[in-house]
Amino acid sequence: MFKKLPYSALFLLALSTLTYGQNPATPRPTPRQLAWQPLETTAFLHFTVNTFTDKEWGDGTESPAIFNPTKLDARQWIRSLKEAGFKMAIITAKHHDGFCLWPTKTTEHSVKNSPWKNGKGDVVREVANACREFGLKFGVYLSPWDRHETLYGTDAYNDFYKTQLKELLTNYGPVAEVWFDGAKGENAKNMTYDFDGYWALVRKLQPNAVMFSDAGPDVRWVGNESGNAGETCWSTINTEGMAPGVADAKYLNRGDANGKRWLPAETDVSIRPGWFYHPSEDSKVRSPKNLVNLYYQAVGRNSLLLLNVPPNREGLLSDADVTNLKEFRRILDETFKRNLVAPTPKLTDQKLATFTPVSVNEPLTINLTDATFDRISIQENIANGQQIANGKVDYWTGTDWKELSTFTTVGHKRLLRFPAVKSSKIRLTITEAKGPVQVAEVGVFKASAGE
């Protein structure tokens, strides 16, 4: 059963809907959501005392003395991500252990009491600066669960948390995403997080930032950590009864065709079995081909891929991770470098705001450069909402039309994979839609030999 949100939370959700003009009949993205979706691939950087204790969850008793990444180079992290095509990096400024990667004024449990840079270092600043240098957006994760802080479990902790949040939102320049979860210790059942207050603070201090949690208010969890958005994935959903940490994973995974709020899915998954670096996992880094598959299962199903790449104990991204990321991007670049669709106004200009209206069950014929292909990309003009519920693609054999692939939702992007065929044209048919369909982009491609 879902837990009921307090009236204040429901009021905040209602207020955000009214403020940004989302018609309940046709939910549409806000400007910040519309800017977020095309990022497609973003990175998580899980790094804290756990990196040195070989744990996934610290217990808060770790000494700051163990934190000493002697070769830490945030520029190497962000440069590697840039070269792999990532558009944003989110740093775990504080995980459940309560250790802060910046010299916060709120607690002594931070880098200021570590041997790293003689206590003068600031991981958050180094990541923020590197993001600006290499042109990536910058985001932060601040765990609400704090296993070190003695105030945790009391109302006073919410003020403590907001002070930490304010430091992160005011001292490091523009923040593009703030990542929240509902993690909570079993020994603190009376801890009620003031998410209304947290979200209001972000809106005030970083109005262009999107906020992630199970319940948004801007971006929702995809419902798993295995890298799979739903084969059917609506950006719309209903959030009644939901809160961070309180939601139906299957519902989050598919969204809701009749949902009243625009809350697109973010697919978070790690390049390694764990979220933090573990030496024993050096041989278990996802292969480039596996990473490419994640791209199709996330970005290709109307989601965004948030891939965790954890720095190691030296403070560097490991060679295996960097190598596989580069090959992942090479494969994608090779696959999508040439669109075989004949230049067509409104379908190949790479602008979602220009589109072709398509009526249900009225095929749209698209001419191709006569070639072999095995990938198709379809995009809607999501600025006006998500409408496509079902469709199919046929290809011309030279004598008749033959079905190539079927699909359900499209949204920002639907990627189709199928055995290679050769043809001079395809036919796109929308067989079911919620409202007027606006097809913004169609791409036809031949996959890289390495895929």
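These figures come from a predicted structure and were not determined experimentally.
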K.L.:
From I237 CD1 over to N258 CG, what is the distance, rounded to the nearest 0.5 angstrom?
P.N.:
12.0 Å
K.L.:
So W57 and W145, would you call those rings parallel, tilted or perpendicular, with 30° and 60° as cut-offs?
P.N.:
perpendicular
K.L.:
Is there a side-chain contact between I91 and E126, using heavy atoms and a 4.5 Å cut-off?
P.N.:
no
K.L.:
When you check the gap from the basic side-chain N to the acidic O, do E149 and K94 get nearer than 4.0 Å?
P.N.:
no
K.L.:
Keeping E380 on the side-chain end and V437 on the backbone end, is there a donor-acceptor pair under 3.5 Å?
P.N.:
no
K.L.:
Work out which heavy atom in L39 is nearest to a heavy atom in K87; give both atom names and the distance.
P.N.:
O-CG, 3.4 Å
K.L.:
Got R330 and S448 here, is their nearest side-chain heavy-atom distance under 4.5 Å?
P.N.:
yes
K.L.:
Report yes or no: does T30 contribute a side-chain atom to a donor-acceptor pair with the main-chain N or O of Q33 at less than 3.5 Å?
P.N.:
yes
K.L.:
Do D181 and W179 touch side chain to side chain, with heavy atoms closer than 4.5 Å?
P.N.:
yes
K.L.:
Of all heavy-atom pairs between F445 and S377, which one has the smallest distance, and what is that distance?
P.N.:
CE1-CB, 4.0 Å
K.L.:
Could you check whether any side-chain N or O of Q379 sits under 3.5 Å from a backbone N or O of A440, counting only pairs where one atom can act as donor and the other as acceptor?
P.N.:
no
K.L.:
For the pair N113 (side chain) and E108 (backbone), establish whether a donor and an acceptor sit closer than 3.5 Å, ignoring hydrogens and angles.
P.N.:
yes
K.L.:
Looking just at side-chain N and O atoms, do R417 and S405 make a donor-acceptor pair shorter than 3.5 Å?
P.N.:
no
K.L.:
Minimum heavy-atom separation for L252 to A247, with atom names?
P.N.:
CD1-CB, 3.7 Å
K.L.:
Please identify which of these residues, L325, T323, I331, meets the side chain to side chain contact (heavy atoms under 4.5 Å, CB included) condition with E327.
P.N.:
I331
K.L.:
Hey, is the main chain of L263 close enough, under 3.5 Å, to the side chain of R220 for a donor-acceptor pair?
P.N.:
yes
K.L.:
So how far is it from K166 NZ to D159 CG, rounded to the nearest 0.5 Å?
P.N.:
12.0 Å
K.L.:
Apply side-chain contact (heavy atoms from CB on, under 4.5 Å) to residues Y295 and L415 and explain how you reach the verdict.
P.N.:
CA-CA 9 Å; Y295 179 86; L415 294 174; 3.6 Å; yes
K.L.:
Return the CG to CZ distance between N312 and R272, rounded to the nearest 0.5 Å.
P.N.:
8.0 Å
K.L.:
Evaluate the side-chain proximity of R286 to V269: yes if any heavy-atom separation is below 4.5 Å, no if none is.
P.N.:
yes
K.L.:
Start with the C-alpha gap between F276 and T53, add the side-chain angles, then the distance that decides, and say whether side-chain contact (heavy atoms from CB on, under 4.5 Å) holds.
P.N.:
CA-CA 10 Å; F276 289 92; T53 61; over 6 Å; no
K.L.:
Do R203 and D218 make a side-chain contact, defined as non-hydrogen atoms from C-beta onward lying under 4.5 Å apart?
P.N.:
yes
K.L.:
L416 vs I378, test: side-chain contact (heavy atoms from CB on, under 4.5 Å). Steps then yes/no.
P.N.:
CA-CA 8 Å; L416 305 175; I378 306 168; 4.3 Å; yes
K.L.:
Would you call I78 and L45 a side-chain contact if the rule is heavy atoms closer than 4.5 Å?
P.N.:
yes
K.L.:
Are any side-chain N or O atoms of N238 and backbone N or O atoms of K260, one a donor and one an acceptor, separated by less than 3.5 Å?
P.N.:
yes
K.L.:
In the structure I gave you, are the side-chain heavy atoms of Q164 and C100 within less than 4.5 Å of one another anywhere?
P.N.:
yes
K.L.:
If I take atom CZ from residue R414 and atom OG1 from residue T409, how far apart are they, to the nearest 0.5 angstrom?
P.N.:
5.0 Å
K.L.:
Got more than 12 heavy atoms from elsewhere within 6.0 Å of NZ, K112?
P.N.:
yes
K.L.:
Anything under 30° is parallel, anything over 60° is perpendicular, the rest tilted; go ahead and classify Y152 against Y193.
P.N.:
tilted
K.L.:
For the residue pair H412 and P38, what are the closest heavy atoms and their distance?
P.N.:
NE2-CA, 3.8 Å
K.L.:
Give a yes or no on whether a salt bridge exists between K55 and D97, defined as a side-chain N under 4.0 angstrom from a carboxylate O.
P.N.:
no
K.L.:
Shortest non-hydrogen contact from D54 to P279?
P.N.:
OD1-CD, 3.6 Å
K.L.:
Would you say that N302 contacts S235 through its side chain, given a criterion of any heavy-atom pair below 4.5 Å between the two side chains?
P.N.:
yes
K.L.:
The test is side chain to side chain donor-acceptor pair (under 3.5 Å); show your working for N50 and T48 and say whether it passes.
P.N.:
CA-CA 5 Å; N50 296 348; T48 187; 5.5 Å; no
K.L.:
Could you walk me through whether Y141 and F44 pass the side-chain contact (heavy atoms from CB on, under 4.5 Å) test, one step at a time?
P.N.:
CA-CA 9 Å; Y141 165 73; F44 228 152; 3.9 Å; yes
K.L.:
Using every non-hydrogen atom in the two residues, find where A89 and L81 come nearest and quote the distance to one decimal.
P.N.:
CB-CD1, 4.1 Å
K.L.:
Do NZ/NE/NH1/NH2 and the carboxylate oxygens of D256 and R261 come within less than 4.0 Å?
P.N.:
no
K.L.:
Using 30° and 60° as the class boundaries, would you call the ring planes of F195 and W199 parallel, tilted or perpendicular?
P.N.:
tilted
K.L.:
Quick one: does W77's side chain have a donor or acceptor within less than 3.5 Å of a partner on G315's backbone?
P.N.:
yes
K.L.:
In terms of ring plane angle, is the pair F47 and F52 parallel, tilted or perpendicular, where the classes change at 30° and 60°?
P.N.:
tilted
K.L.:
When the ring planes of F99 and H109 are compared, do they come out parallel, tilted or perpendicular, using 30° and 60° as the limits?
P.N.:
perpendicular
K.L.:
In Å, rounded to the nearest 0.5 Å, how long is the span from OG1 of T106 to CG of L165?
P.N.:
11.5 Å
K.L.:
Stepwise, does the side chain to side chain donor-acceptor pair (under 3.5 Å) test hold for E177 with W36?
P.N.:
CA-CA 9 Å; E177 182 165 347; W36 172 87; 3.2 Å; yes
K.L.:
Just do the side chain to side chain donor-acceptor pair (under 3.5 Å) check on D349 and T354 with the steps written out, would you?
P.N.:
CA-CA 8 Å; D349 60 1; T354 59; 2.4 Å; yes
K.L.:
Per the side-chain hydrogen bond (donor to acceptor under 3.5 Å, both in side chains) rule, which among D268, N253, T267 passes with S303?
P.N.:
T267
K.L.:
May I have the step-by-step check of side chain to side chain donor-acceptor pair (under 3.5 Å) for H46 and T92, ending in yes or no?
P.N.:
CA-CA 5 Å; H46 273 63; T92 55; 5.3 Å; no
K.L.:
I'd like to know if the side chain of E62 reaches the main chain of G60, judged simply by a donor and an acceptor atom lying under 3.5 Å from each other, with no hydrogens or angles considered.
P.N.:
yes
K.L.:
Is D282 atom CG crowded by more than 12 heavy atoms from other residues, nucleotides or ligands, each under 6.0 Å away?
P.N.:
yes
K.L.:
To the nearest 0.5 Å, how far apart are CD in Q386 and SG in C233?
P.N.:
7.5 Å
K.L.:
Just by modelled atom types, is the Y277 backbone N or O under 3.5 Å from a matching donor or acceptor in the T51 side chain?
P.N.:
no
K.L.:
Does the distance from a Lys or Arg side-chain N to an Asp or Glu carboxylate O, for K326 and E83, drop under 4.0 Å?
P.N.:
yes
K.L.:
Surrounding CG of N290 (heavy atoms of other residues, nucleotides or ligands, distance under 6.0 Å), is the total greater than 12?
P.N.:
yes
K.L.:
Hey, does the side chain of N158 reach the backbone of D194 with a donor-acceptor pair shorter than 3.5 angstrom?
P.N.:
yes
